[in-house]
Amino acid sequence: MKAAVIFETKAPLQIEDVVVSKPGPHEVLIRTVACGVCRSDLHFVDGAYPHPLPAIPGHEAAGIVEAVGDEVRTVKVGDAVVTCLSAFCGHCEFCITGRMFLCVSAETRRGPTAEPRLRLANGGNVNQMLNLSAYAEQMLVHEHACVAIDPEMPLDRAALIGCAVTTGAGAVFNTTDVTPGETVCVVGCGGIGLAAVNAAKIAGAGKIIALDPVPEKRAVAEKLGATHTFDPLADGVVGEVVELTKGGVHHAIEAVGRRESAQTTVDVLRRGGTATILGMMPLDSKVGLSAMELLSGKKLQGGIMGSNRFPVDIPRLVDFYMRGMLDLDTIIAERLPLNRINDAFDELRKGDATRSVIVFDQ
């Protein structure tokens, strides 16, 4: 199969021939149909976050099951599936206490002495990234890294649910538990932020405020449910948000991954409000609350993959789309073939687009 491979950071990915192993116990072979281009992958491509190289990135994907290994119970050949990087074992402390998104068990990966799932056609090693490696014509994953969905769901849109929508919508539905009528501010209108805006509308939030420096992205946020939008780089924006919401918002969600946007997320809170940080900030970054903010009951938390229970959450999000409540069509800016993956990353570095999707020939 063809796959996009990182051989060194800050260099273009290369399209290489890759050999896929046969599915072992609890493993599923998937023909990739579409994969979103997520900023999380860019962090690894540009070296901001470490990963063993060479590697195949890509983690926001949908496809069709081609083969299954022994003991697979959750999907079958022919199923349409969405993958999720938060693979789970099902029996560690995190899993049995309902926090599957925190599972880091090695059981969902092959052991160091086993045949690797992927290898370069020339015999060289290549690492699987985030349990998936979806910038490839096929994925070989643990069955607890994918879930079957409605076969009528368009898979180029379903791919976004695997990360951006699970993270952004999950931050609203699971991590923050927005109550109808409460105010929400989303900082950053990329794929994750826009999903959070759309989810806040579904959840019945009162005022939904979106902050992004790009006018076109603010316009998309308004289409998805934002009641007010602002340029966060303009003077006095925090004060405007606080005044608009009569003291600050109940929930603020950061979906960029910068120190400044994280600080804005804290600054727009009302007394007792909660800031949720979703973005992958530089590894040396810190964000916190002052003594007075603590005394006023403000709360600060991280949000990993929308605190998901993805085997349940993803089919529900698909249902939201099929019923016309979740607007994935508007989030997609362009569809590109695999050989244009570097162009997609260049657009992501500019920060002007919402979401690009790599689509594979069928």
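Note that this is a predicted model, so its numbers are computed, not measured.
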### Task
Working to the nearest 0.5 Å, report the span between CZ of Arg39 and CE of Met280.
11.0 Å

### Message
With side-chain contact (heavy atoms from CB on, under 4.5 Å) as the criterion, how do Leu211 and Ile209 come out once you've worked through the C-alpha distance, each side chain's angles and the decisive distance to 0.1 Å?
### Response
CA-CA 7 Å; Leu211 307 184; Ile209 301 160; 4.0 Å; yes

## Note on the structure
Rounding to 0.5 Å, atoms CD (Glu71) and CD (Glu27) come to a distance of 11.0 Å

### Query
For Ala136 and Ala3, which heavy atoms make the closest approach, and how far apart are they?
CB-CB, 3.6 Å

### Task
Verify, without hydrogens or angle tests, whether Asn174 (side chain) and Gly306 (backbone) share a donor-acceptor contact under 3.5 angstrom.
yes

#### Entry: Any donor-acceptor pair under 3.5 Å from Lys2 side chain to Glu16 backbone
no

### Task
Determine whether more than 12 heavy atoms belonging to other residues, nucleotides or ligands lie under 6.0 Å from atom CG of Asp235.
no

### Task
Could you tell me whether a side-chain N or O of Thr274 sits under 3.5 Å from a main-chain N or O of His251, the two making a donor and an acceptor?
no

### Query
Are Val237 and Val184 linked, directly or through other ILVMFWY residues, by side chains that come within less than 4.5 angstrom of each other?
no

### Message
With no hydrogens and no angle check, just 3.5 Å: does a side-chain donor-acceptor pair link His250 and Thr183?
### Response
yes

### Message
Could you check whether any side-chain N or O of Ser133 sits under 3.5 Å from a backbone N or O of Ile56, counting only pairs where one atom can act as donor and the other as acceptor?
### Response
yes

### Greater than 12 external heavy atoms within 6.0 Å of Lys201's NZ
no

### Lys/Arg-Asp/Glu bridge criterion (N-O < 4.0 Å) met for Asp284, Arg259
yes

### Summary
Minimal heavy-atom distance between Leu132 and Met139, with the atoms involved, is O-CG, 3.9 Å

### Message
Are the side chains of Arg355 and Val165 in contact, using a 4.5 Å heavy-atom criterion?
### Response
no

### Message
Within the 3.5 Å criterion, strictly below it, is a donor on Ser21 or Arg110 matched to an acceptor on the partner's side chain?
### Response
yes

#### Entry: Path from Val75 to Ile30 over hydrophobic side-chain contacts below 4.5 Å
yes

### Query
With a 4.5 Å limit on heavy-atom distance, are the side chains of Thr264 and Val238 in contact?
yes

### Task
Look at the side-chain heavy atoms of Ile, Leu, Val, Met, Phe, Trp and Tyr, link any pair under 4.5 Å apart, and say whether Ile208 and Val187 land in one connected group.
no

### Query
Is the backbone N or O of His142 less than 3.5 Å from a side-chain atom of Thr108, with the two atoms forming a donor-acceptor pair by type?
no

### Message
With heavy-atom distances below 4.5 Å as the criterion, would you say the side chains of Asp343 and Glu334 are in contact?
### Response
no

### Message
Between Glu254 and Ser261, do the side chains contain a donor N or O and an acceptor N or O under 3.5 Å apart?
### Response
yes

### Message
Checking the side chain of Asn198 only, and the main-chain atoms of Leu194 only, is there a donor and an acceptor separated by less than 3.5 Å?
### Response
no

### Task
Determine whether the side chains of Glu240 and His228 contain a donor N or O and an acceptor N or O closer than 3.5 Å.
no

### Task
Test Glu293 against Asp267 for side-chain contact (heavy atoms from CB on, under 4.5 Å), laying out the working first.
CA-CA 9 Å; Glu293 287 169 328; Asp267 292 344; 4.3 Å; yes

### Task
Classify the angle between the aromatic ring planes of Phe88 and His144 as parallel (below 30°), tilted (30 to 60°) or perpendicular (above 60°).
parallel

### Query
Name the one of Val172, Ile277, Thr265 that satisfies side-chain contact (heavy atoms from CB on, under 4.5 Å) with Ile253?
Val172

### side-chain contact (heavy atoms from CB on, under 4.5 Å) between Met153 and Ile161, worked out
CA-CA 11 Å; Met153 176 70 182; Ile161 298 177; 4.1 Å; yes

### Message
Donor-acceptor check, side chain of Arg218 to backbone of Asp212, threshold 3.5 angstrom: yes or no?
### Response
yes

### Query
Taking C-beta and beyond as the side chain, do Thr176 and Gln301 meet within less than 4.5 Å on heavy atoms?
yes

#### Entry: Pairwise distance CZ(Phe173) to OG1(Thr166) - rounded to 0.5 angstrom
11.0 Å

### Message
Any side-chain to backbone donor/acceptor pair from Glu60 onto Ala164? Under 3.5 Å, distance only.
### Response
yes

### Query
Run the side-chain contact (heavy atoms from CB on, under 4.5 Å) check on Phe345 and Asp41 step by step: do they pass?
CA-CA 9 Å; Phe345 279 127; Asp41 287 316; 3.9 Å; yes

### Query
What distance do Met305 atom CE and Leu278 atom CG have between them, rounded to the nearest 0.5 Å?
10.5 Å

#### Entry: Heavy-atom side-chain contact between Asp150 and Asp319 under 4.5 Å
no

#### Entry: Contact summary for Gly193 and Val186, nearest pair of heavy atoms
O-CG1, 3.5 Å

### Glu115 side chain vs Lys22 backbone, donor-acceptor pair below 3.5 Å
no

### Message
I'd like to know if the side chain of Glu137 reaches the main chain of Phe360, judged simply by a donor and an acceptor atom lying under 3.5 Å from each other, with no hydrogens or angles considered.
### Response
no

### Query
Side chains of Val37 and Tyr135: does their closest heavy-atom pair fall under 4.5 Å?
yes

#### Entry: salt_bridge(Arg349, Asp346) N-O dist < 4.0 Å
yes

### Query
Measuring from Thr354:OG1 to Leu348:CG, what's the distance to the nearest 0.5 Å?
10.5 Å

#### Entry: Any side-chain heavy-atom pair of Leu283 and Pro50 under 4.5 Å
yes

#### Entry: Closest heavy-atom pair and its distance - Gln128, Val141
NE2-CG1, 4.4 Å

### Query
Which atom pair, heavy atoms only, marks the closest approach of Cys35 to Ala134?
SG-CB, 3.6 Å

### Query
Tell me, do Val214 and Cys189 make a side-chain contact under 4.5 Å, heavy atoms counted?
no

### Summary
Taken to the nearest 0.5 Å, the spacing of Cys185 SG from Lys207 NZ works out to 13.0 Å

